[in-house]
**Student:** 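One structure is given below, represented as structure tokens, and several questions about it will come after.
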Amino acid sequence: MSSEPLHIGIVGAGPSGCYVADALGRKLPGARIDVFDRLPTPFGLVRGGVAPDHQGTKNIARQFERTLGKAGVRFLGNIAVGRDISYEELKAACDVLVIAIGAFEDRRLGIPGEDLDAVYGSGQVVAWYNGIPAGRDLEPRLDGKSLAIIGNGNVALDIARLLAKTPDELASSDLCAHARAAFEASRIEDVWLIGRRGPLEASFTTAELAEFGDLSRVATLVDPAQLPYAIPEGLGEEQGKLAEKNLEVLRAYAARGDQRERPLRLHFMFNAAPLAIKGEDRAHELVLQRTRIEQGRAVAGGETFSIPADTVISAIGYRSSPFPGLPFDTQRGVVANAEGRVEPGVYTAGWCKRGPQGVIPANRADSLAVAELILADLAAHEGSSKPGSALIDSMLAARGAEPVDFAGWQKINAAEVAAGQGRPREKLARLEDLLRIARR
Ligand code: NAP
């Protein structure tokens, strides 16, 4: 029996990783918890995914700050598993390893023209406007008149809303300066929101859908013929309720009076499956096919038609990106796991476990369940049998890796907030700037 403290490694400092760290820290007060992130900044999608104009959702970061600042917990930012330390090395060092790396890679549409210029995945665009260093140089082309967003989820709404807002309407956001400038300079007059299924099946949440009603410069255009009169039976209670509330908003949009004075038209287009993106050197046109719904699925087979699309953004969901050695389900794009167990001593939580679904509170519930699982498995063991931080630190030092610790993050945070000048913050979006401030 060993009296050494347990060593827990958590890969990913996003909501799921932070919730697991918090839960295990409370139940195992003597444990050493190392939370790794490839970015120098913590909080995953709270910083890099949640829309910059939804500051209320970002308040959860304060709780995660407290978790990462606790005694026994270390934040090791700027450490990429697979580059600075391997999965096998982490397993050798930790009694418990939790993989909570989220899902950031865009799913592919799989249609001709997807690789043309001015076609982007939502993950790329969100990383760009939210100041994730790897996305900083995307500078999506917003120089045409028409932009199509494929997908009827909240990410599609986020992108459309940020484009639609005036500078005043964005004043209290932390949208990065480079994205504010690009949106202001954009010449887009028509935004198409394309759903392959109907309004009943859209995964928008109602509050997000309704936000367009308050925006001054956008006309919300809905063809009333696309809206069913009633909710059919058999939709299921939860989906039925959501569909009813969404229909109410869409009906109100369809019934709006003259909106011709508004410079940006937002077209809600349902039952249209993308077939191809056409253009010579860049996207120019999106070819769609009418669908009908059979047993909840979109079945294409109707008329084919095109809309102008100088820019196309697919917002159709994400996959996780594994590091070498990690058991991975390539078909689903998630870490291979059974209820959170990956292999002895290794667990997974959040979007990389379940797929990219659910808001942050849903990930809290998932993380707590995984923490319970870990505690149940640990009940059979006593004390640590692994070398922990000593091995991790020596391996990182040998490779010249320089982690950004919690104090380093606090310096970044202070610098960004100070640069905000009335906004919540002005993010540092270049890796070299983040590291320079963290090491000051
Ligand atoms: P999502 O809600 O799963 O929506 C994806 C959309 O893409 C669906 O409409 C889906 O249609 C469509 N789609 C998938 N494959 C397609 C294809 N090949 N062709 C055409 N359309 C396709 O995903 P998301 O918008 O990326 O959001 C991810 C999660 O984050 C969700 O749980 C979301 O609620 C959450 N989120 C929340 C907020 C918020 O609370 N404000 C903001 C952003 C994200 P089908 O339904 O037909 O598959």
Side-chain angles (χ1 to χ4, degrees), residues 109 111 145-157 159-161 163-164 188-215 217-236 238-278 285-310 312-316:
L109 280 166
I111 60 172
K145 291 206 164 153
S146 184
L147 177 143
I149 304 174
I150 299 170
N152 269 182
N154 282 332
V155 172
L157 293 185
I159 295 170
R161 187 182 66 254
L163 262 163
I188 292 164
E189 294 174 1
D190 290 279
V191 174
W192 304 83
L193 265 182
I194 314 284
R196 65 177 169 182
R197 296 194 287 165
L200 298 176
E201 293 84 16
S203 52
F204 309 139
T205 45
T206 312
E208 278 66 23
L209 184 59
E211 278 185 74
F212 292 95
D214 300 326
L215 305 188
R217 132 185 143 83
V218 66
T220 48
L221 303 177
V222 183
D223 176 0
Q226 289 216 297
L227 303 180
Y229 288 110
I231 307 292
E233 281 181 26
L235 208 56
E238 202 178 321
Q239 199 190 336
K241 272 190 195 154
L242 175 68
E244 198 169 321
K245 288 193 283 174
N246 283 352
L247 267 186
E248 211 173 294
V249 175
L250 291 167
R251 283 198 194 106
Y253 286 168
R256 276 175 132 188
D258 188 357
Q259 300 182 77
R260 272 176 299 183
E261 303 250 301
R262 296 181 175 232
L264 186 76
R265 293 175 289 272
L266 176 62
H267 308 259
F268 288 85
M269 178 174 282
F270 299 102
N271 295 103
L275 279 189
I277 301 162
K278 287 192 173 170
E285 177 184 334
L286 176 63
V287 186
L288 298 157
Q289 185 170 31
R290 282 278 164 226
T291 65
R292 61 182 189 283
I293 305 301
E294 276 179 19
Q295 292 174 337
R297 294 178 71 88
V299 179
E303 118 193 70
T304 300
F305 62 103
S306 290
I307 57 167
D310 306 301
V312 176
I313 300 173
S314 67
I316 62 166

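Just so you know, these numbers come straight off a predicted model, no measurement behind them. Just so you know, residue 1 is the first one in the sequence shown, and it goes up from there.
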**Student:** Under 3.5 Å, side chain of Arg251 to main-chain N/O of Tyr229, donor-acceptor pair present?
**Tutor:** yes

**Student:** Sub-3.5 Å donor-acceptor pair from the side chain of Gln289 to the main-chain atoms of Thr304, do we have one?
**Tutor:** no

**Student:** Heavy atoms, side chains only, cut-off 4.5 Å: are His267 and Ile307 in contact?
**Tutor:** no

**Student:** How long is the span from the CG atom in Leu109 to the CD1 atom in Ile316, to the nearest 0.5 Å?
**Tutor:** 4.0 Å

**Student:** Is a side-chain N or O of Arg265 found less than 3.5 angstrom from the main chain of Asp190, in a donor-acceptor match?
**Tutor:** no

**Student:** Quick one: do the Asn246 and Thr206 side chains pair a donor with an acceptor below 3.5 Å?
**Tutor:** yes

**Student:** Where is the tightest heavy-atom contact between Ala243 and Leu235, given as atom of each residue plus distance?
**Tutor:** CB-CD2, 4.0 Å

**Student:** Indicate yes or no for a side-chain donor-acceptor contact from Tyr253 to the backbone of Ala210 under 3.5 Å, with no hydrogens or angles considered.
**Tutor:** yes

**Student:** Between the side chain of Arg197 and the main-chain N/O of Ile293, is any donor-acceptor distance below 3.5 Å?
**Tutor:** no

**Student:** Tell me, do Phe270 and Asn152 make a side-chain contact under 4.5 Å, heavy atoms counted?
**Tutor:** yes

**Student:** Between Asp310 and Ser146 (side chain of the first, backbone of the second, donor and acceptor by atom type, cut-off under 3.5 Å), is there such a pair?
**Tutor:** yes

**Student:** Judged by atom type as modelled, is there a donor-acceptor pair below 3.5 Å linking the side chain of Thr291 to the main-chain atoms of Arg196?
**Tutor:** yes

**Student:** Please tell me if the side chains of Leu193 and Leu157 come closer than 4.5 Å, counting only heavy atoms from C-beta onward.
**Tutor:** yes

**Student:** Show the nearest heavy-atom pair for residues Glu201 and Gln239, with the distance to one decimal.
**Tutor:** CA-NE2, 3.5 Å

**Student:** For the atom pair OG (Ser314) and CD1 (Ile194), what is the distance rounded to the nearest 0.5 Å?
**Tutor:** 12.0 Å

